[in-house]
Amino acid sequence: MTIDTAALRAEQLAKASGVICRDDFGAEPLQLIAGADVGFEQDGEVTRAAFAVLRYPSLELVEYRIARIETQMPYIPGFLSFREAPALLAAWAMLGHHPQLVVVDGHGRSHPRRLGVASHFGLLADVPTIGVAKRRLCGKFEPLAPEAGALQALRDKEEQIGWVWRSKVRCNPLFISTGHRVSLPTALSFVQSCMRGYRLPEPTRWADAIASRRPAFQRWLKEHPQSDAQ
DNA sequence: GCGACAG
DNA sequence: ATCTTGTCGC
């Protein structure tokens, strides 16, 4: 299987033009927020997407879902969304709750052609999304102060494509950007309101814990025996 | 031409 | 992303 990156590149530009960078969700206050994370199994043959739905602003877990599908594409920097979006859509379709906002592990508009996974998924599912990545893909930023809360704009040319924010001391910063239907200022404030003492915001931290069967999740399972979260 | 390069 | 235990530091 050989990949026509020129065609994918054109598709990215076309889709990126449909991405909305303003706040565009209901007037009702946010009640459900979700976190999404993608991983791989069986030497990459299987793609696994996990969603964690949390009540907002309490951030308690109310539902989680995991979808596993056959991997469609290899990993190519800049084209991650084509590899991860199918599994995300499959897991999204399994949800019983309908979160008004999704925090995706990965970049949103802070992408060379402005279509990171968070934007691509948000567009396909037509849901507001925010991208929270652990590493930079493109853009430049001024040195970040060492203390928690330090903030810098992530810029590409003249345009601001995201934020570089140190969520915790002695931890590498997070790269926050608009996914779809969320403005840059709003993206930052929602992420900040989802922190509970860890480097990652709760939605994404839960999605990762669930997908990787982390101790924190195992503990939650024992504490919620009769839960209908799944 | 050279280096960078989410998950 | 994934393979993986202990270990150093606050």
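Proteins get letters first, then strands, A, B, ... in listed order; numbering begins at 1 in each. Note that the structure is predicted; figures quoted are calculated from it, not measured.
Remark: side-chain polar atoms of A:Arg65 are not paired, donor with acceptor, to backbone N or O of A:Ala91 under 3.5 angstrom. A donor-acceptor pair is defined here as one N or O able to donate and one able to accept, closer than 3.5 Å; such a pair exists between the side chain of A:Arg181 and the backbone of A:Asp126. Side-chain atoms of A:Ser81 never come within 3.5 Å of backbone atoms of A:Gly116 as a donor-acceptor pair (strictly under, hydrogens ignored).
Legend: residues meeting side chain to side chain contact (heavy atoms under 4.5 Å, CB included) with A:Ser110, ordered by chain and number and at least two apart, are A:His107, A:Leu154, A:Ile161, A:Ser177. By the side chain to side chain donor-acceptor pair (under 3.5 Å) test, A:Arg214 is found to be paired with A:Asp208, residues two or more places apart in sequence or in another chain being considered. In terms of the ring pair (Phe, Tyr, Trp, His ring centres under 6.0 Å) criterion, residue partners of A:His120 (sequence neighbours excluded) are, by chain and number, A:Phe82.
The shortest heavy-atom contact between A:Pro201 and A:Leu174 is CD-CD2, 4.2 Å.
Within the structure, side chain to side chain donor-acceptor pair (under 3.5 Å) contacts touching residues 32-50 of chain A (residues at least two apart or in different chains) are A:Glu41-A:Arg48, A:Glu41-A:Arg68, A:Thr47-A:Thr71. Residue pairs meeting the side chain to side chain donor-acceptor pair (under 3.5 Å) criterion with at least one member in residues 128-146 of chain A, sequence neighbours excluded: A:Asp105-A:Lys134. For residues 124-150 of chain A, the ring pair (Phe, Tyr, Trp, His ring centres under 6.0 Å) pairs, not counting sequence neighbours, are A:Phe141-A:Phe175.
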Atom pairs under 3.5 Å: protein N/O with N/O of nucleotides 1-7 of chain B:
residue: B:dC5; atom: OP1; partner: A:Arg136; partner atom: NH2; Å: 3.4
residue: B:dA6; atom: OP1; partner: A:Arg135; partner atom: NH2; Å: 2.4
residue: B:dA6; atom: OP2; partner: A:Tyr75; partner atom: OH; Å: 2.5
residue: B:dA6; atom: N7; partner: A:Gly78; partner atom: N; Å: 3.3
residue: B:dA6; atom: N6; partner: A:Gly78; partner atom: O; Å: 3.3
residue: B:dA6; atom: N6; partner: A:Phe79; partner atom: N; Å: 3.4
residue: B:dA6; atom: N6; partner: A:Leu80; partner atom: N; Å: 3.1
residue: B:dA6; atom: N6; partner: A:His111; partner atom: NE2; Å: 3.3
residue: B:dA6; atom: N1; partner: A:Val117; partner atom: N; Å: 3.4
residue: B:dA6; atom: N3; partner: A:His107; partner atom: N; Å: 3.4
residue: B:dG7; atom: OP1; partner: A:Lys134; partner atom: N; Å: 3.0

**Request:** With salt bridge (charged side-chain N to carboxylate O under 4.0 Å, His left out) as the test, would you mind laying out the steps for A:Lys15 and A:Glu11 before giving the verdict?
**Result:** CA-CA 6 Å; A:Lys15 284 196 160 63; A:Glu11 189 178 337; 2.9 Å; yes
**Request:** Start with the C-alpha gap between A:His111 and A:Gln12, add the side-chain angles, then the distance that decides, and say whether side-chain contact (heavy atoms from CB on, under 4.5 Å) holds.
**Result:** CA-CA 10 Å; A:His111 174 280; A:Gln12 289 180 318; 3.6 Å; yes
**Request:** Report the C-alpha separation of A:Tyr56 and A:Cys194 in whole Å, then their side-chain angles, then the decisive distance to 0.1 Å, and conclude whether the side-chain contact (heavy atoms from CB on, under 4.5 Å) test is met.
**Result:** CA-CA 9 Å; A:Tyr56 188 91; A:Cys194 286; 4.0 Å; yes
**Message:** Let's test your reading of the pairing rules: Watson-Crick or G-U wobble, both distances under 3.5 Å, then write DNA chain C as a dot-bracket string with ( ), [ ], | and dots.
**Reply:** ..........
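Other cluster members for A:Phe51: A:Leu32, A:Val38, A:Phe40, A:Val53, A:Val62, A:Tyr75, A:Leu80, A:Leu88, A:Leu89, A:Trp92, A:Leu95, A:Val102, A:Val104, A:Val117, A:Phe121, A:Leu124, A:Val127, joined by side-chain heavy-atom distances under 4.5 Å among Ile, Leu, Val, Met, Phe, Trp and Tyr.
Rounding to the nearest 0.5 Å places CG of A:Leu61 at 4.5 Å from CH2 of A:Trp220.
If you measure from atom CD of A:Glu41 to atom C1' of C:dA1, you get 11 Å, rounded to the nearest angstrom.
With a cut-off of 3.5 Å on both pairing distances, the Watson-Crick and G-U wobble pairs of DNA chain B never assemble into a stem of 3 or more.
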**Asked** Which letter, B, S or -, goes with each nucleotide of nucleotides 5-10 of chain C from 5' to 3', with contact meaning a protein heavy atom under 4.0 Å?
**Response** ------
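Near-neighbour residues of DNA chain B inside residues 190-213 of chain A, defined by a heavy atom below 4.0 Å, are absent.
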